[in-house]
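What's counted below: heavy atoms across the whole structure, side chains too, no hydrogens, waters or symmetry copies. Order of the sequence lines sets the chain letters (A, B, ...), proteins ahead of strands, with each chain counted from 1. Note that the structure is predicted; figures quoted are calculated from it, not measured.
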Amino acid sequence: NAGVTQTPKFRILKIGQSMTLQCAQDMNHNYMYWYRQDPGMGLKLIYYSVGAGITDKGEVPNGYNVSRSTTEDFPLRLELAAPSQTSVYFCASREGANYGYTFGSGTRLTVV
Amino acid sequence: EDQVTQSPEALRLQEGESSSLNCSYTVSGLRGLFWYRQDPGKGPEFLFTLYSAGEEKEKERLKATLTKKESFLHITAPKPEDSATYLCAVRVETSGSRLTFGEGTQLTVNP
């Protein structure tokens, strides 16, 4: 049982480049989330999904896009990368609203 | 606006020295308070969920308690392997399934 798998683990982007952060879970969870974590700033919600075909914005959605075509996958797209998007990105899923999240191991992104 | 504040930001303990971490919250309609542990370079790991004032949960050397305004994570006789960042998060009635996280307490336990 792999849980939540994120790829890549590390990435360096140049300003203006685009990329997709991949997230896959094998627990058949409907709820999935993307957070970013900056030093001393805690986890901030970017986007979330309550099921295939349904997505919604979190606290800090600007500069990002998501899609949810299957229950398993929830990719995060960065368009026109900016230095402010340098962060560690975590994907998470949960079985239901009253359950704890299962987090992936994160993607460390640097924009230069 | 919902707010979650954790204190202290960092805590250093000697092995065996018990202490508590605090998570205070200002929210409307608490639907759950969650504690997570995060090791360096890894994603947070779920520890506990508390739902109502007076509730307590335990796991090994950790005990979480909840009042109407704050939660405490008590660490009894800690060991070096308890060193990690501890995060708390809240779910409120207006946020659906989303959680709002505090900034965490970085705990270091020296042998």
(request) Consider only side-chain heavy atoms of I, L, V, M, F, W and Y, link residues closer than 4.5 Å, and tell whether A:M19 and A:V60 are in one cluster. (result)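 Yes, it is one cluster - the side chains of A:M19 and A:V60 are joined through contacts under 4.5 Å.
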(message) When you group the ILVMFWY residues by side-chain heavy-atom contacts below 4.5 Å and let the links chain together, are A:F103 and A:Y31 in the same group?
(response)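 Yes, one cluster joins them.
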How long is the straight-line distance from [atom2] of [Y] back to [atom1] of [X], given to the nearest 0.5 Å?
X	Y	atom1	atom2	answer
A:R94	B:F34	CZ	CZ	5.0 Å
A:Y99	B:R91	OH	CZ	12.0 Å
A:Y48	B:L99	OH	CG	12.0 Å

Atom [atom1] of residue position [X] - does it have more than 12 heavy atoms of other residues, nucleotides or ligands inside 6.0 Å?
X	atom1	value
B:K57	NZ	yes
B:R12	CZ	no
A:I12	CD1	no
A:E79	CD	yes

(message) Please classify the contact of B:Q38 with chain A as side chain, backbone, both or neither, using a heavy-atom distance under 4.5 Å.
(response)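 Interface part for B:Q38: side chain.
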(message) Need one label for B:Y36: side chain, backbone, both or neither, based on atoms under 4.5 Å from any heavy atom in chain A.
(response)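 Side chain only.
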(message) Taking side chain as everything from C-beta outward and backbone as N, CA, C, O, which of these in A:L43 sits under 4.5 Å from a heavy atom of chain B? Side chain, backbone, both or neither.
(response)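 Looking at A:L43, backbone and side chain both touch chain B.
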(request) Give the member of B:R98, B:E45, B:E103 that has the highest number of heavy-atom pairs under 4.5 Å with chain A. (result)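 Most heavy-atom pairs under 4.5 Å with chain A: B:R98.
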(request) Could you tell me how the ring of A:Y101 sits relative to the ring of B:F101: parallel (under 30°), tilted (30 to 60°) or perpendicular (over 60°)? (result)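 Ring orientation, 0 to 90° scale: tilted.
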